[in-house]
2 protein chains.
Amino acid sequence: MSYTLDKIDTQILAILQKDSNRTTKSIAKELGMTTSPVFERIKKLEKEGYIKKYVAVLDNKKVGLKLTVFIGITLQGHTRSYLEKFVTEINNFPEIAECHRVSGNYDYLLKLIVEDIQAYETFLISKLTLLPYLGNVQSLITLSTGKETNEIDLSRV
Amino acid sequence: MSYTLDKIDTQILAILQKDSNRTTKSIAKELGMTTSPVFERIKKLEKEGYIKKYVAVLDNKKVGLKLTVFIGITLQGHTRSYLEKFVTEINNFPEIAECHRVSGNYDYLLKLIVEDIQAYETFLISKLTLLPYLGNVQSLITLSTGKETNEIDLSRV
DNA sequence: CATGAAAAAGATAAGCA
DNA sequence: TGCTTATCTTTTTCATG
């Protein structure tokens with residue numbers, strides 16, 4: 001099913017996850033090849049799903065979204081239908097960037113990005129706390145962020 | 001200092017954060033304009049820092065990184081030099097995707113992406129727990145992920 | 001913001017190791 | 001099969017009105 005990545009493939013992925021505007025020519029030069037094989041490998045990586053998409057990374061704060069909050073949630077029931085319904089509702093909120101089911105102190109960990117504390121409170125009151133079967137809710141307000149990347153470590157794959 | 005985004009700018013940002021391979025031509029068509037104003041706006045958005053970069057989004061699991069863990073950490077001291085040293089060390093670990101200083105139950109919340117539980121344990125033993133002034137460490141192992149995006153909600157900016 | 005031309009990049013094809 | 005070289009097409013980029 002899944003085609004195996006060689007060294008060159010991972011090098012290409014490492015380059016593109018840092019900067020997808022790099023031309024095939026410049027990548028080829030860096031890897032000591034010509035453009036065609038690089039081009040074909042990239043197409044293959046896209047087709048096989050190793051590359052999911054290409055996106056512009058925006059500056060949250062510049063566009064007015066200055067607050068990141070992580071929210072740890074426990075539910076009052078754990079039946080399958082509860083969980084599915086909860087996830088569906090959560091995913092529909094545009095403020096929610098991530099929703100993970102976790103083991104440990106919480107059932108779910110959410111990452112939310114909003115304008116400010118006011119907007120967060122509005123979200124809590126008018127959206128989150130209206131969900132049924134909601135148990136405990138703990139907020140971790142981000143004070144500052146030292147690192148925040150989508151790049152994944154390809155050095156060992 | 002900061003130039004104000006109009007409706008068209010935010011539309012362009014919304015399009016590019018979903019798919020940065022869209023041509024200016026196709027964006028122009030969607031917005032009912034010609035290519036040059038769209039082109040100029042994009043350049044401006046890049047120059048002003050609204051667009052930080054363009055990246056390829058990879059499929060973590062396909063490249064062999066199947067486990068995401070959030071780690072809540074408290075430190076044993078809160079002096080400024082402690083915090084700075086801690087953040088510097090953490091940021092150098094390639095397994096760490098995010099490092100946030102938070103208020104609430106923890107001092108720091110980390111997001112880590114690794115191969116599997118073994119790799120996570122190795123990280124804990126050979127890297128994280130070697131840091132001095134480390135207090136309590138709580139792991140939230142991701143069981144499944146309902147939503148995980150970098151797209152931010154531009155509907156209200 | 002429109003037009004249009006030059007430069008660059010993307011994409012494809014024929015042939016070689 | 002995977003690379004090279006060469007060619008063609010599309011997009012980007014920019015000057016001018």
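Small disclaimer: the values here were computed from a predicted structure and weren't measured. Letters A, B, ... mirror the listed sequences (proteins, then strands); counts begin at 1.
Between Y108(B) and T74(B), the side chains place no donor N or O within less than 3.5 Å of an acceptor N or O (distance only, hydrogens not considered). A donor and an acceptor atom, one from each side chain of Y54(A) and E46(A), are located under 3.5 Å apart.
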Polar pairs (N or O, both sides) under 3.5 Å between protein and nucleotides 5-10 of chain C?
from, atom 1, to, atom 2, distance (Å)
dG10(C), OP2, T24(A), N, 3.3
dG10(C), OP2, T24(A), OG1, 3.4

Protein-nucleic acid N or O pairs under 3.5 Å, nucleotides 3-7 of chain D:
from, atom 1, to, atom 2, distance (Å)
dC3(D), OP1, R41(A), NH2, 3.4
dT4(D), OP2, T34(A), N, 3.1
dT4(D), OP2, T34(A), OG1, 2.3
dT5(D), O4, S36(A), OG, 2.6

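Across the protein-nucleic acid pair, K44(B) atom NZ and dT13(D) atom C1' stand 18 Å apart, rounded to whole Å. Atom CD1 of I12(B) is separated from atom C1' of dC1(C) by 13 Å (rounded to the nearest Å).
For the pair K62(B) (side chain) and Y50(A) (backbone), a donor-acceptor distance under 3.5 Å is absent. The closest donor-acceptor contact from the side chain of K147(B) to the backbone of E98(A) lies at 3.5 Å or more, if one exists at all. In this structure, S20(B) contributes its side chain and L16(B) its backbone to no donor-acceptor pair below 3.5 Å.
With respect to R41(A) and D6(A), a salt bridge is recorded, a charged nitrogen being found less than 4.0 Å from a carboxylate O.
In this structure, the ring of F123(B) has its center less than 6.0 angstrom from the ring center of F93(B).
For E84(B), the CD atom sits in a packed shell: over 12 heavy atoms of surrounding residues, nucleotides or ligands are nearer than 6.0 Å.
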